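Keep in mind the model is a prediction, meaning the values are calculated, not measured. Just follow the structure's listing: the first ligand is 1, and inside any ligand the first atom is 1.
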Amino acid sequence: MHQPIAIIGAGSSGLAAAHTLRDAGYPVTIFELSSSVGGRATTRQLNGFTYDHGAQYIKQGSPASVSLITNRFRLPDLLDIAKPVWTFDSAGTIREGDPVQNAEPKWTYRGGLISLFQHMATGLDVRLRTSVASLHQQGSIWHLLDQHGQPLGSYQRVLITAPAPQALTLIQASRLDDTLHQAIHTHLSAAQYNPLISIMLGYRPAPSPRPYYALVNTDRQHPISWLAWEHEKAPERVPPGSGLLLAQMAPGFSRQHDHSPDSLLYQEAANLVTTLLNEALPEPCFQDIQRWPYALPATRADANALNTLTMPTGLAFCGDSFVGGRVHLSLEHGIDVARTLIATT
Ligand SMILES: Cc1cc2nc3c(=O)[nH]c(=O)nc-3n(C[C@H](O)[C@H](O)[C@H](O)COP(=O)(O)OP(=O)(O)OC[C@H]3O[C@@H](n4cnc5c(N)ncnc54)[C@H](O)[C@@H]3O)c2cc1C
């Protein structure tokens with residue numbers, strides 16, 4: 001029997017790593033600070049509306065992630081979003097999108113992107129609402145502690161999947177060899193994240209149908225970077241007769257409005273949407289907001305260099321800080337790093 005391994009974070013990289021390790025005979029325990037799995041690939045249900053307020057869909061990646069989605073954890077409500085993504089610029093000109101990119105599948109689930117991760121988490125030992133606040137290194141053992149200093153368990157191997165800034169906070173609060181601490185700090189600091197505010201606007205009647213499912217801002221000069229017709233994913237995601245537009249605000253706008261009240265942001269987003277679409281939309285009948293402090297990595301850290309240093313001590317790192325902000329890349333990185341951990345134990 002192999003020694004148990006702790007995984008910090010139940011997002012796509014943590015769950016993919018967990019299955020890879022479990023397949024190889026390692027018992028795994030996943031600690032997740034939030035109340036659900038999926039991390040930034042998640043779904044919310046509120047007032048009859050269902051929406052993916054983080055990642056919008058999963059792109060086709062390597063055979064490893066494709067087989068995970070379409071084979072091993074295939075769900076009957078897996079869907080490929082039918083309509084394409086078009087583009088817009090700062091002047092508001094809307095154009096057809098890239099046909100090559102639009103030919104690729106855009107996978108989500110009728111019930112929301114979270115379905116995949118709930119399915120992957122089934123049967124795994126996942127401790128929800130459990131934040132690992134610090135690690136204490138004692139010889140070859142890592143003691144995990146919560147925010148009250150209470151022990152969460154002791155492990156020889158710990159895999160950290162949190163975005164680099166959160167991983168850094170954890171390392172800074174931890175007790176470990178000084179040289180190792182400094183090296184981890186230097187490597188993780190290379191991954192810088194942009195914030196992103198997602199704003200959901202429900203309309204009744206629904207906005208008029210368009211030939212596209214979403215619009216992406218290509219010149220990066222518009223306050224909105226992405227606008228999606230969430231109800232195009234599946235009609236049952238909204239109450240009958242309603243529609244849901246989801247606006248992801250650009251990094252500059254999101255940073256500038258970090259402390260702006262929700263009411264102001266709803267108004268600003270609704271005005272920007274009306275202007276962009278040149279459509280007389282009614283007052284939104286539903287509004288919701290999600291502020292992502294660490295949405296997408298603008299720069300990455302070097303996982304190989306970091307893991308080469310830390311793995312001999314039992315610590316490993318994976319996730320989108322090292323591979324870029326895409327769900328399929330995080331799934332693949334979780335698998336890769338777990339395989340390396342297996343090979344080095
Ligand atoms: C608004 C938005 C839109 C996006 N759109 C797309 C898209 O359309 N397509 C796409 O492919 N990707 C998209 N992405 C990126 C994608 O969501 C991420 O790259 C991917 O989900 C990252 O997975 P991960 O496992 O690396 O990290 P995460 O999903 O962040 O998982 C890490 C987990 O660790 C947990 N955690 C952190 N610290 C601790 C701690 N101390 N103790 C316990 N748990 C902890 C977190 O709660 C989280 O659940 C988007 C992201 C955002 C925010």
Side-chain angles (χ1 to χ4, degrees), residues 6-18 29-43 51-61 65 69 81 85 104-108 113-114 116-117 120-121 126-135 144-147 152 158-174 191 193-200 213-214 216 225-226 228 233 246-251 254 289-297 300 303 317-335 337:
I7 299 178
I8 301 177
S12 30
S13 59
L15 290 169
T29 300
I30 309 182
F31 298 92
E32 169 54 54
L33 70 81
S34 73
S35 56
S36 63
V37 298
R40 281 166 283 154
T42 187
T43 306
Y51 40 93
D52 302 319
H53 52 295
Q56 300 287 282
Y57 54 80
I58 310 178
K59 289 181 120 176
Q60 182 172 332
S65 59
I69 293 159
I81 302 167
V85 174
E104 292 171 12
K106 303 185 284 295
W107 285 315
T108 186
L113 208 46
I114 198 171
L116 171 64
F117 304 102
M120 287 178 76
V126 184
R127 315 273 169 92
L128 294 174
R129 296 179 201 85
T130 308
S131 170
V132 179
S134 65
L135 307 171
L144 276 56
L145 305 172
D146 70 10
Q147 63 274 34
L152 293 168
V158 181
L159 177 58
I160 300 177
T161 76
Q166 286 178 303
L168 256 179
T169 304
L170 167 60
I171 293 296
Q172 268 155 2
S174 298
Y193 276 72
N194 280 325
L196 192 157
I197 302 177
S198 297
I199 298 174
M200 283 57 73
Y213 136 72
V216 63
S225 58
W226 171 266
K233 288 177 173 171
L246 184 153
Q248 291 176 355
M249 309 311 290
S254 300
I289 190 165
Q290 171 72 34
R291 296 167 195 257
W292 298 101
Y294 311 114
L296 295 165
R300 295 182 223 161
F317 295 81
C318 68
D320 73 348
S321 308
F322 307 98
V323 287
R326 289 285 169 258
V327 176
H328 67 280
L329 296 177
S330 268
L331 287 168
E332 290 158 17
H333 198 230
I335 296 169
V337 172

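At the top of the distance list for atom 31 (O) of ligand 1, counting protein heavy atoms only, stands Gly11 CA, 3.5 Å. The protein non-hydrogen atom at the shortest distance from atom 13 (C) of ligand 1 is Ala55 CB, 3.5 Å. Scanning the protein heavy atoms around atom 34 (O) of ligand 1, the nearest turns out to be Gly9 CA, 3.1 Å. The single protein non-hydrogen atom nearest to atom 32 (C) of ligand 1 is Thr161 O, 3.7 Å, given as residue, atom name and distance. Atom 16 (C) of ligand 1 has as its closest protein heavy atom Val327 CG2, 3.8 Å. Protein heavy atom nearest atom 20 (C) of ligand 1, with residue, atom name and distance: Ser12 OG, 3.9 Å. Residue, atom and distance of the protein heavy atom nearest to atom 48 (C) of ligand 1 are Glu32 OE1, 3.5 Å.
The distance criterion of under 3.5 Å between nitrogen or oxygen atoms is met by Asp320 with respect to ligand 1. Residue Lys59 places no N or O, backbone or side chain, under 3.5 Å from any N or O of ligand 1. For a threshold of 3.5 Å applied to N or O pairs, the pair formed by Val132 and ligand 1 contains at least one separation below that value. Considering both main-chain and side-chain atoms, Leu33 comes within under 3.5 Å of ligand 1 through a nitrogen or oxygen pair. Polar contact with ligand 1: present for Ser13 (N/O pair, distance under 3.5 Å). At under 3.5 Å, not a single nitrogen or oxygen of His328, backbone or side chain, sits near a nitrogen or oxygen of ligand 1. Considering both main-chain and side-chain atoms, Ser330 comes within under 3.5 Å of ligand 1 through a nitrogen or oxygen pair. Remark: ligand 1 and His53 share no N or O pair separated by less than 3.5 Å (distance only, no angle test). Residue Tyr57 has at least one N or O atom closer than 3.5 Å to an N or O atom of ligand 1. Polar contact check, Ile8 against ligand 1: no nitrogen or oxygen pair lies under 3.5 Å apart.
Listed by atom number, the atoms of ligand 1 under 4.0 Å from Gln56 heavy atoms are 5 (N), 6 (C), 7 (C), 8 (O). Of all atoms in ligand 1, numbered sequentially from 1 with element shown, those under 4.0 Å from a heavy atom of Gly38 are 29 (O). Within ligand 1, the atoms closer than 4.0 Å to a non-hydrogen atom of Ala162 are 37 (C), 38 (N), numbered from 1 in the order shown. Numbered from 1 in the order shown, with element, the atoms of ligand 1 that lie under 4.0 Å from a heavy atom of Phe31 read 43 (C), 44 (N). Heavy-atom proximity to Leu296, at under 4.0 Å, picks out these atoms of ligand 1: 14 (N), 15 (C), 50 (C), 51 (C). Near Leu196, the atoms of ligand 1 lying under 4.0 angstrom from a non-hydrogen atom of the residue are 1 (C). Interface of Gly319 with ligand 1, defined as ligand atoms under 4.0 Å from a residue heavy atom, comprises 26 (O).
Taking the six-membered ring for Trp and thresholds of 30 and 60 degrees, Tyr57 and Trp226 have ring planes inclined between 30 and 60 degrees apart.
Residue-level proximity to ligand 1 for Trp292 is carried by the side chain, the only part with a heavy atom below 4.0 angstrom. When non-hydrogen atoms are compared, ligand 1 lies under 4.0 Å from the side chain of Gln166 (C-beta onward) but not from its backbone. Under 4.0 Å from ligand 1, the heavy atoms of Thr130 that appear belong solely to its backbone.
Residues Leu116 and Met120 form a side-chain contact, since some pair of their non-hydrogen atoms from C-beta on lies under 4.5 Å apart. The shortest side-chain heavy-atom distance between Phe117 and Val327 falls under the 4.5 Å cut-off. A 4.5 Å side-chain heavy-atom check between Ser131 and Gln147 finds at least one atom pair inside the cut-off. Taking 4.5 Å as the limit, some side-chain heavy atom of Ser134 sits within range of a side-chain heavy atom of Ser174. A heavy-atom distance below 4.5 Å is not found between the side chains of Arg127 and Leu152. Using a 4.5 Å heavy-atom cutoff, the side chains of Thr108 and Ile58 are not in contact. Between Tyr193 and Ser321, some side-chain heavy-atom pair lies under the 4.5 Å cut-off. Residues Thr161 and Leu159 have side chains in contact (heavy-atom distance under 4.5 Å, counting atoms from C-beta outward).
Counting only non-hydrogen atoms, the option in Pro297, Cys318, Gly324, Gly54 that gets closest to atom 2 (C) of ligand 1 is Gly54. In this structure, of Arg40, Gln248, His333, the residue bringing a heavy atom nearest to atom 1 (C) of ligand 1 is Gln248.
Side-chain atoms of Ser65 never come within 3.5 Å of backbone atoms of Glu332 as a donor-acceptor pair (strictly under, hydrogens ignored).
The minimum heavy-atom distance between Ser254 and Ile197, with the atom names listed, is OG-N, 3.0 Å. Between Val337 and Cys318, the closest heavy-atom pair is CG2-CB, 3.7 Å. Here the shortest heavy-atom pairing between Gln56 and Lys233 reads O-NZ, 2.9 Å.
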Quiz item: After noting the C-alpha distance and the side-chain angles of Leu135 and Leu144, does the key distance pass the side-chain contact (heavy atoms from CB on, under 4.5 Å) rule?
Solution: CA-CA 5 Å; Leu135 307 171; Leu144 276 56; 3.7 Å; yes
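When only modelled atom types and interatomic distance are considered, Gln248 and Ser225 share no side-chain donor-acceptor pair under 3.5 Å.
Atom CZ of Arg300 is surrounded by 12 or fewer heavy atoms from other residues, nucleotides or ligands within 6.0 Å.
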With a 3.5 Å cut-off and sequence neighbours excluded, list the donor-acceptor pairs that the side chains of residues 33-41 form with protein atoms.
from: Ser34; atom 1: OG; to: Glu32; atom 2: OE2; distance (Å): 2.9
from: Ser34; atom 1: OG; to: Ser36; atom 2: O; distance (Å): 3.0
from: Arg40; atom 1: NH1; to: Ala295; atom 2: O; distance (Å): 2.8
from: Arg40; atom 1: NH1; to: Asp320; atom 2: OD2; distance (Å): 2.7
from: Arg40; atom 1: NH2; to: Asp320; atom 2: OD1; distance (Å): 2.9
from: Arg40; atom 1: NH2; to: Asp320; atom 2: OD2; distance (Å): 3.3

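Ligand 1 lies out of reach of Ile58, whose nearest heavy atom is not under 4.0 Å from it.
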